[in-house]
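Contents: one structure, followed by commentary.
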2 protein chains.
Amino acid sequence: MNRYPIENRILVAIDCIIFGFDGEEIKLLVIKRNFEPEKGNWSLMGGFLHHNEDLEDGAERILYDLTGLKNIYVEQIFTAGRIERDPVERTISVVFFALIGIRDQDKEAVNAHNAHWLSLERKPPLIFDHDDMVAKAIEHLRYKAALHPIGFELLPERFTIPKLQKLYEAIYNVQLDRRNFSRKILSTGLLMDTGEKDDQSSTKKATLYRLDQEKYKNKFSSFWHFMPHPGIE
Amino acid sequence: MNRYPIENRILVAIDCIIFGFDGEEIKLLVIKRNFEPEKGNWSLMGGFLHHNEDLEDGAERILYDLTGLKNIYVEQIFTAGRIERDPVERTISVVFFALIGIRDQDKEAVNAHNAHWLSLERKPPLIFDHDDMVAKAIEHLRYKAALHPIGFELLPERFTIPKLQKLYEAIYNVQLDRRNFSRKILSTGLLMDTGEKDDQSSTKKATLYRLDQEKYKNKFSSFWHFMPHPGIE
DNA sequence: AAAAAAATGTGTAAGATTGACACGTTTCCA
DNA sequence: TGGAAACGTGTCAATCTTACACATTTTTTT
């Protein structure tokens with residue numbers, strides 16, 4: 001037996017949602033679609049799954065082809081399958097997401113590929129059901145960040161506590177108390193003082209920290225109860 | 001244009017993981033597979049997605065056909081896509097899960113369909129990558145139950161606090177303090193005293209509660225910080 | 001029939017955590 | 001040079017958590 005006696009094989013797509021953080025707000029990586037339908041409109045990085053590749057490999061291939069980004073850890077979040085979600089033909093799409101710190105070398109690669117970082121707050125509508133995918137991805141990010149120290153993935157190797165706070169404020173769209181945030185984060189023991197100061201910032205230089213990789217790995221799988229109290233709707 | 005110029009359409013399956021709770025331990029609903037390959041071995045409830053149905057509808061159709069269970073709320077958890085996960089041909093499978101209270105009428109329907117409730121602790125190996133799917137589903141359950149009052153879905157309409165505690169102990173595989181658990185649960189305000197006692201239990205009869213449906217719906221989307229502290233691995 | 005055992009329900013006190021602030025320090029800029 | 005802006009540390013009351021003691025109800029044992 002080489003095939004199931006069934007006729008309804010379906011086109012399987014992959015779409016990638018990449019979040020970045022520039023120190024002020026969360027950005028979404030998108031691309032201008034270069035084939036019909038919806039040619040020229042904003043789209044997530046997408047493509048079709050090949051017969052001989054795993055889902056994650058497909059996501060990484062598509063990401064590299066469309067943006068030049070390599071070695072990105074992608075994580076599957078859900079599969080979109082509404083019958084009419086693609087007007088051309090029935091297509092289900094497995095959606096992946098990734099968090100990256102926006103670095104200069106990445107910026108060049110990305111721009112060379114006609115991709116762009118858009119502000120999550122002020123982004124234009126995307127094609128098909130991609131806005132819905134992004135909404136689900138934000139929800140997923142909020143879930144994960146509430147339970148795991150995942151926020152660091154969005155920051156450069158060295159970062160300040162105020163930047164980290166801005167990140168969490170952007171994720172949950174809340175205002176946090178500077179003093180209490182600092183205390184809570186430091187009490188996790190995940191941060192190591194580099195001894196250096198941030199020379200980017202305008203007034204008093206903030207201390208640059210980096211992740212204690214050892215503790216980070218150990219603590220990652222356990223809950224860490226970091227979430228703003230009022231709830232995230 | 002009615003089709004994309006691509007040749008690699010793929011078979012899309014759906015598999016359903018149904019958890020139940022009998023007051024002592026968590027059960028998994030499985031079925032003896034009645035077609036090749038792996039005919040006669042334990043399997044999740046599965047089938048192929050039809051061309052004209054949404055994913056959720058497919059899951060509910062398959063569940064009804066194989067077990068007689070109706071009006072079950074299913075929730076997608078992930079999509080399994082390893083190249084060689086099905087030996088017959090490349091198949092990706094969208095995995096759904098649902099929580100149900102094991103009721104007597106369901107038991108009959110289920111048995112009539114050759115399906116069985118197996119103890120999650122002592123279950124035999126399942127076919128293909130179904131064991132992996134179950135492991136992911138447990139993880140998903142732990143996540144959700146840590147943040148949302150989802151546990152009630154696994155209980156009958158009226159239940160006692162000690163039963164609820166047993167459920168949480170089964171989900172997280174921990175021991176909880178009776179007194180503290182009771183206080184924490186009652187403080188949520190989600191439980192309403194029915195005034196009745198559980199006549200099933202052996203020694204002192206425990207009070208039967210039921211969910212305050214109004215508050216349940218309101219509170220559902222917000223975090224509720226219920227999780228055992230040591231972490232869940 | 002009384003005593004022991006098992007399970008449930010209520011209370012309490014020490015310790016830890018949180019939330020809301022005060023106050024001092026460093027750096028930039030007018 | 002003085003003030004504004006951003007950062008860092010400290011305090012304290014209120015709340016929540018943890019670890020128990022003790023009383024009550026029902027079943028089982030002797």
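Proteins get letters first, then strands, A, B, ... in listed order; numbering begins at 1 in each. Here the structure is a predicted model, which is why all the values come from computation and not from measurement.
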With sequence neighbours excluded, give me every salt bridge (Lys or Arg N to Asp or Glu O under 4.0 Å) pair touching residues 65-76 of chain A.
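Listed once each, the pairs are A:Glu75-A:Lys144.
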Give me each pair satisfying salt bridge (Lys or Arg N to Asp or Glu O under 4.0 Å) with a member in residues 145-159 of chain B, each pair once, sequence neighbours excluded.
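Applying salt bridge (Lys or Arg N to Asp or Glu O under 4.0 Å) to every pair that reaches into residues 145-159 of chain B, excluding sequence neighbours, yields B:Arg158-B:Glu196.
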Which letters describe nucleotides 9-14 of chain C, given B = protein heavy atom under 4.0 Å from base, S = only from sugar-phosphate, - = neither?
BBBB--
Taking only residues two or more places apart in sequence or in another chain, which ones pass ring-ring contact (aromatic ring centres under 6.0 Å, His included) with [X]?
{"X": "A:Phe96", "answer": "none"}
{"X": "A:Phe152", "answer": "A:Phe159"}
{"X": "B:Phe21", "answer": "none"}
{"X": "A:Phe97", "answer": "A:His140"}

Whole-Å gap separating [atom2] ([N]) and [atom1] ([X]):
{"X": "A:Ile185", "N": "C:dT17", "atom1": "CD1", "atom2": "C1'", "result": "15 Å"}
{"X": "A:Phe181", "N": "C:dA20", "atom1": "CZ", "atom2": "P", "result": "16 Å"}
{"X": "A:Gln175", "N": "D:dA6", "atom1": "CD", "atom2": "P", "result": "13 Å"}
{"X": "B:Leu176", "N": "C:dT8", "atom1": "CG", "atom2": "P", "result": "14 Å"}
{"X": "A:Asp199", "N": "C:dT27", "atom1": "CG", "atom2": "C1'", "result": "13 Å"}

Only pairs at least two apart or in different chains count here, so list each ring-ring contact (aromatic ring centres under 6.0 Å, His included) that has a residue in residues 112-139 of chain B.
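Every ring-ring contact (aromatic ring centres under 6.0 Å, His included) pair that includes a residue of residues 112-139 of chain B, provided the two are not neighbours, is B:Trp42-B:His116.
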Test item: side-chain donor near acceptor, B:Lys32 and B:Ser43, under 3.5 Å
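No, because no side-chain N or O of B:Lys32 sits under 3.5 Å from a partner of the opposite role on B:Ser43.
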For the helix from C:dA1-D:dT30 to C:dA30-D:dT1, figure out the bend between the end axes, five pairs an end, and round to 10 degrees.
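Answer for the end axes of this duplex: 0°.
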